[in-house]
Amino acid sequence: MAKLKAPRGTQDILAQDARHWQLIESTASKIFQAAGFNEIRSPIFESTELFSRSVGEDSDIVNKEMYTFTDRSDRSLTLRPEATASIVRAYIEHALDRQGLPQKLWYRGPMFRYERPQTGRYRQFHQIGIEAIGAEAGQIDLEVIQLGITLLEQLGLGDLILYINTLGNQASRQAYTQALKDFLGSVQEDVCEDCQRRYEQNPLRALDCKVPADQEIYQGAPSIHDYLDDESKEIWQQTLAGLEKLEIKYKIDPKLVRGLDYYSHCVFEIKSTSKELGAQNTVLAGGRYDKLIEDLGGKTTPAVGWALGIERLASLIPAAGLDGGLFIISDDALAAQLLACKLRQDNKQELQVDFDYNASKFNKQLERAVKRGYDWALFYMSDERESGKYKIKNLRKSVEHEDLSYQDLVKILSP
RNA sequence: GCAGGUAUGGCCAAGUGGUUAAGGCUCCGGAUUGUGGUUCCGGCAUUCGUGGGUUCGAGUCCCAUUACCUGCCCCA
């Protein structure tokens, strides 16, 4: 009989990793709340149409990466490959604009893409993201980027680089796309097959091509920065000036474009230089999507946001030590259990209290307490049980307290 | 979807056609010390991802398949 395994591209998040996830999620939620962002939870599956309209009929995500299925009533549904479309759908559906603009929202949860798994790439992966809907270009972009940076910094991550670029407003982007297409058309013969395809499907992406020979050719490609109109230029300069003021380091990458169709103005990615992530080194990415809301049937509304990959982030967080706790050493597991329960009831600080369920040898229990990183060992052998006095030892500082009453014990444990 | 690599216990691994598949870590049990990671003893793979084949004989060779890894497409 074949062994049961988690499906391809999925994984179990076990204790150590789960701690990292908790840290990421709790840090994010605090930072977002402080910035006035509210959490929004949307369904994990949506009508397939939502994604074909938002992400783009021609995109790879829609064409070959969606988990699409038909339910018992013949509805075509899709496990969400990303969340922005859902958030915008909810925004329109519930007329959130009536609650005042901008709507500042954040989300977290699983996303699904049928891709070839690799390091930092899974079929079920998890994102945390923020969306600010209803703020004009330049009004909130800086805040949005700053929140991303702050989150990563608070998580203690180094080796990160912010890459930023602008695509300009619709007019600028269109003018540029045309110029780029003309250019790409003139070099069609010389570039790789992928780029020949991109000429039709997604000309902006050609600039990102990994083939060295192509990169050489694209040295001569027109730059978006020569096609920005005055408005776009001003907004762009403003954003950069803000980054300077906040002392956020960045690199302008004129070749940075986002894969999804609906972006305009500023786009950005934060990449890690760590080896952990291999080729999937983008930790956080986002940009402005002023056209998406109307594409999905809402009023024309500007918006900006980003998403980060929790798996990628978690793999960068340094291993954390255990955080204290008390281990009861006893030759009577039942007595130890009763004491543990009582301490948990009375301990408002939520100090971790545990014991050895097997009532192993004294030394073994002590060894376990030390190995597992507990701060305190409580000796609860027959002597102590009979006397009703408690004896604990701080395993980190080698300090002992003897002859403690239960009240004293609780007091010491909750400083 | 394309190209390449790898697969031996919970983890790290030795092993390159010949009897019972090293070793280390972890885990479990025991002995010794009633107070720090000690030392000693014992236990933990009828089996080498899975399925076929070659052979007197396969973890070792061949084929297929699956999973993982690396890169491409794309992307967090």
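Letters go in sequence order (proteins before strands), and every chain restarts at 1.
- Between C73(B) and Lys210(A), a contact under 4.0 Å exists linking OP1 or OP2 to a side-chain N or O.
- The CD-P distance, from Gln365(A) to C28(B), rounds to 12 Å in whole Å.
- Arg121(A) contributes no side-chain N or O that forms a donor-acceptor pair with the base of C69(B) under 3.5 Å.
- Distance, Lys5(A) NZ to G49(B) P: 11 Å, rounded to whole Å.
- Using a 4.0 Å heavy-atom cutoff across all strands shown, Arg197(A) reaches sugar-phosphate atoms only and no base atom.
- The aromatic rings of Tyr390(A) and Tyr380(A) sit parallel, their planes meeting at an angle under 30°, below the 60° perpendicular limit.
- With no hydrogens or angles considered, no side-chain donor-acceptor pair links Ser223(A) and Asp226(A) at under 3.5 Å.
- In the set C72(B), G29(B), G37(B), G29(B) carries the atom at the smallest distance from any side-chain atom of Ser360(A).
- His225(A) and Asn165(A) are linked by a side-chain donor-acceptor pair at a separation below 3.5 angstrom, with hydrogens and angles left out of the test.
- Sorted by first and then second residue, the ring-ring contact (aromatic ring centres under 6.0 Å, His included) pairs with a member in residues 173-200 of chain A read Tyr176(A)-Tyr227(A); sequence neighbours excluded.
- Taking only side-chain nitrogens and oxygens, Asn202(A) never comes nearer than 4.0 Å to OP1 or OP2 of C74(B).
- The side chain of Lys371(A) places an N or O atom within less than 4.0 Å of a non-bridging phosphate oxygen (OP1 or OP2) of C27(B).
- Interatomic distance, NZ of Lys391(A) versus CD1 of Ile329(A), reported as 10.5 Å (0.5 Å rounding).
- When the P atom is used for both G5(B) and C62(B), the distance is 12 Å, rounded to whole Å.
- The CD-P distance, from Glu193(A) to C72(B), rounds to 17 Å in whole Å.
- Residue-level contact check: Asn394(A) touches the bases, meaning some heavy atom is under 4.0 Å from a base atom.
- Atom CD of Glu384(A) and atom P of U35(B) are 12 Å apart (whole Å).
- Taking atom CG on Asp356(A) and atom P on G29(B), their separation rounds to 8 Å, with Å as the unit.
- Taking only distance into account, the side chain of Lys64(A) meets the base of C73(B) through a donor-acceptor pair shorter than 3.5 Å.
- When the C1' atom is compared between A14(B) and C56(B), the two are found 27 Å apart, to the nearest whole Å.
- Within a 6.0 Å radius of CD in Glu400(A), more than 12 heavy atoms belonging to other residues, nucleotides or ligands are found.
- Comparing Ser382(A) and Arg368(A) by the nucleotide of RNA chain B that holds the closest heavy atom to each, the one mapping nearer the 5' end is Arg368(A).
- Using P as the reference atom, C28(B) and C73(B) are 48 Å apart when rounded to the nearest Å.
- Across all strands, Lys397(A) comes closer than 4.0 Å to no nucleic acid atom at all (heavy-atom distances).
- U55(B) and G1(B) have their C1' atoms separated by 39 Å, given to the nearest Å.
- C27(B) and C11(B): their P atoms are spaced 15 Å apart (whole Å).
- C41(B) sits 26 Å from G9(B) when the P atoms are compared, rounded to a whole Å.
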(request) State the dot-bracket string of RNA chain B. Criteria: Watson-Crick or G-U wobble, both atom distances under 3.5 angstrom; notation: ( ) intrastrand, [ ] crossing earlier pairs, | interstrand, . unpaired. (result) ((((((((.[[[..)..(....]]].(((((.......))))).....[[[[[..)....]]]]])))))))....
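- With G34(B), C75(B), C68(B) as the candidates, the nucleotide lying closest to the side chain of Phe379(A) is G34(B).
- Contact between the side-chain N/O atoms of Gln118(A) and the OP1/OP2 oxygens of G71(B) is found at a separation under 4.0 Å.
- Residue Gly129(A) is out of contact with every strand shown, counting any heavy-atom pair closer than 4.0 Å.
- At a threshold of 4.0 angstrom between heavy atoms, the contacts of Tyr114(A) with the nucleic acid are absent.
- Side-chain atoms of Arg368(A) and Ser360(A) form a donor-acceptor pair, as typed in the model, at a separation below 3.5 Å.
- One P atom belongs to U20(B), the other to A58(B), and the distance between them is 11 Å to the nearest Å.
- One C1' atom belongs to A22(B), the other to C12(B), and the distance between them is 14 Å to the nearest Å.
- Side-chain proximity of Leu366(A) to the nucleotides U38(B), G29(B), U35(B) is greatest for U35(B).
- Here the C1' atom of nucleotide U35(B) and the CG atom of Leu378(A) are 13 Å apart, to the nearest Å.
- In this entry the distance linking NZ of Lys364(A) with C1' of U26(B) reads 13 Å, nearest Å.
- In this structure, Ala6(A) and Ala307(A) both approach RNA chain B, and ranking their closest nucleotides by distance from the 5' end singles out Ala6(A).
- Residue Arg8(A) places at least one side-chain N or O under 4.0 Å from the OP1 or OP2 atom of C68(B).
- The Ala279(A) side chain lies nearest to C72(B) when the options are U35(B), C72(B), C2(B).
- Contacts classified as ring-ring contact (aromatic ring centres under 6.0 Å, His included) and involving residues 123-150 of chain A (residues at least two apart or in different chains) are given here: Trp21(A)-His126(A).
- The residue Gly148(A) sits apart from the nucleic acid: no heavy atom pair falls under 4.0 Å.
- Residues Tyr374(A) and Gln352(A) have side chains that bring a donor and an acceptor to within less than 3.5 angstrom of each other.
- For Arg205(A), a side-chain nitrogen or oxygen approaches OP1 or OP2 of C75(B) to under 4.0 Å.
- Regarding Asn363(A), its CG atom lies at a distance of 15 Å from the P atom of C40(B), rounded to whole Å.
- Residue Asn358(A) is in sugar-phosphate contact alone, with no base atom involved, counting any heavy-atom pair closer than 4.0 Å across all strands shown.
- Taking the six-membered ring wherever Trp is involved, the centroid distance between the rings of Phe32(A) and Trp106(A) falls below 6.0 Å.
- One cannot find a donor-acceptor pair under 3.5 Å joining the base of U32(B) and the side-chain atoms of Lys361(A).
- Counted by atom type alone, Glu46(A) and Ser86(A) present one or more donor-acceptor pairs between their side chains at under 3.5 Å.
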